[in-house]
Enquirer: 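Structure in structure tokens, see below.
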Amino acid sequence: MTSVAPPVFKPFTLTLIQLGSIGSDKAANLHHAREMIMKAAKSNSDKRPQVVVLPECFNSPYGFVHFPAYAESISYTAGKEYDIQASVSESVKMLSSAAKEAGIWLIGGSIPERDVETNNIYNTCTVYSPTGALVASHRKVHLFDIDIPGKIKFKESETLTGGTTANYFDTEFARIGLGLCYDVRFPELAMIAARRGCHAMVYPGAFNLTTGPLHWELLQRARANDNQVFFSMCSPARDMTAGYHSWGHSMVVDPYGHVLAEADENETILHVDIDPEPFHEVRAGIPVTKQRRFDVYPDVSA
């Protein structure tokens, strides 16, 4: 990423869509996601949201066996203008159109992405400006390979390849860092983002009924507190008829580690006002950002 100074941090409204009804019909999934984006853009009575977020893997069932069948080619290159009209990704076209119509910054959850050159499949988050431009992308870096005997076994690496970059994007009111789900367990990505000037981190994710109660809130509060940034994760709604049971509980945490808002397990839209004051206040009162000892350990953002 470039070393351009971040924008001045200003108040904004962050809206999380805890999306339900994600099934095997991709067209239906995209249609429902678009309807919910438009609803979210209009449902806040006080003010219009500036940033709207979808959950991880919103256009297909969540499961490594499904990813190849639902994968789409995106072919985005950071720093280069992306031609939406020429894109072969129906998900990208829908997200771009919705962002433009609603006039919002849209963090489009994630979809399975197939690289046309390598045939590798990635779990990829794309971001759109209020004009509908594709402005950023994040390929999930850390793959969800776990085995808790008697509870859950899952191996994304059966079909996915991990990304190789840390990513953020600039709006007119904040610099926002990106991650996906299992990335939250590795503090380095959030640390790099914070050291590069991010005011907030947004990770679409889909924890399950084993890891959700254990670590969903803990990890978000830890990353927010470690780096003195706002931190948020957006989950799919829980569907007990699906093959993978999401925890839900989409959440926003402030730089002190306070939980500002939390959903339950059902489909819902969560609006949260982001006030820069706690960001500046905690950094002045507990100045860890100025007390790091890079003579003892390296600066991971360098």
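What you see below is based on every heavy atom in this structure, not just the backbone, and it leaves out hydrogens, waters and symmetry mates. Computed from a predicted model, the values in this text were never measured in an experiment.
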Enquirer: Please tell me whether Asp183 and His138 have a donor and an acceptor in their side chains that are separated by less than 3.5 angstrom.
Expert: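 Note: Asp183 and His138 side chains meet the donor-acceptor criterion.
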Enquirer: Tell me yes or no: between the side chains of Ser232 and Tyr203, is some donor less than 3.5 Å from an acceptor?
Expert: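 Side-chain D/A pair, Ser232 to Tyr203: absent.
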Enquirer: For the ring pair His199 and Phe279, is the centre-to-centre distance below 6.0 Å?
Expert: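 Here the rings of Phe279 and His199 have centres that are less than 6.0 Å from each other.
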Enquirer: Do the rings of Phe12 and Phe9 sit parallel, tilted or perpendicular, given the 30° and 60° boundaries?
Expert: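 Rings of Phe12 and Phe9: tilted, as their planes differ by 30° to 60°.
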Enquirer: Just by distance, no angles: are the side chains of Tyr256 and Glu281 close enough, under 3.5 Å, to form a donor-acceptor pair?
Expert: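 There is such a pair (donor and acceptor under 3.5 Å, judged by atom type) between the side chains of Tyr256 and Glu281.
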Enquirer: Would a 4.5 Å heavy-atom cut-off, applied to side chains only, mark Trp247 and Thr211 as touching?
Expert: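 Counting from C-beta outward, Trp247 and Thr211 never come under 4.5 Å.
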Enquirer: For a quick check under 3.5 Å, do Tyr182 and Glu56 share a side-chain donor-acceptor pair by atom type?
Expert: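 Note: Tyr182 and Glu56 side chains miss the donor-acceptor criterion.
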Enquirer: Between Phe144 and Phe64, does the ring centroid distance fall short of 6.0 Å?
Expert: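 No: the rings miss the under 6.0 Å criterion.
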Enquirer: Would a 4.5 Å heavy-atom cut-off, applied to side chains only, mark Glu72 and Asn59 as touching?
Expert: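 Counting from C-beta outward, Glu72 and Asn59 do come under 4.5 Å.
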Enquirer: Cation over ring, Arg139 on Tyr122, under 6.0 Å and within 45°?
Expert: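 Yes, cation above the ring, under 6.0 Å and within 45°.
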Enquirer: What do the steps show when you test Val51 against Ile107 for side-chain contact (heavy atoms from CB on, under 4.5 Å), and what is the final call?
Expert: CA-CA 7 Å; Val51 181; Ile107 299 176; 4.0 Å; yes
Enquirer: Do Arg185 and His215 meet the criterion of a side-chain donor-acceptor pair at a distance under 3.5 Å?
Expert: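 Looking only at side-chain atoms, His215 and Arg185 do form a donor-acceptor pair, the distance falling under 3.5 Å.
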Enquirer: Do Arg114 and Asn120 pair up side chain to side chain, a donor and an acceptor below 3.5 Å, judged on atom types alone?
Expert: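 Absent: no donor and acceptor within the cut-off.
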Enquirer: Is the closest side-chain donor-acceptor distance between Thr131 and Ser129 under 3.5 Å?
Expert: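 Indeed, the side chains of Thr131 and Ser129 share at least one donor-acceptor pair under 3.5 Å.
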Enquirer: Do the ring planes of Trp105 and Phe173 sit parallel (below 30°), tilted (30 to 60°) or perpendicular (above 60°)?
Expert: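 Trp105 and Phe173: perpendicular rings.
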Enquirer: Distance only, no hydrogens: is a donor on one side chain within 3.5 Å (strictly under) of an acceptor on the other, for Thr268 and Gln18?
Expert: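 No.
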Enquirer: Which residues pass the side-chain contact (heavy atoms from CB on, under 4.5 Å) test with Ser301, not counting sequence neighbours?
Expert: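 With sequence neighbours excluded, Ser301 shows a side-chain contact (heavy atoms from CB on, under 4.5 Å) to Ile192, Arg195, Arg196, Asp299, given in chain and number order.
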Enquirer: For the residue pair Tyr244 and Phe154, categorise the inter-ring angle as parallel (less than 30°), tilted (30 to 60°) or perpendicular (more than 60°).
Expert: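 Plane angle over 60°, so perpendicular.
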Enquirer: So Tyr62 and Ser246, do their side chains get closer than 4.5 Å, heavy atoms only?
Expert: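 A side-chain contact under 4.5 Å is absent here.
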Enquirer: Between the side chains of Thr13 and His271, does any donor sit under 3.5 Å from an acceptor?
Expert: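 Absent: no donor and acceptor within the cut-off.
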Enquirer: With a 3.5 Å cut-off and no angle check, do the side chains of Asn208 and His245 form a donor-acceptor pair?
Expert: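 The answer is no; no qualifying pair exists.
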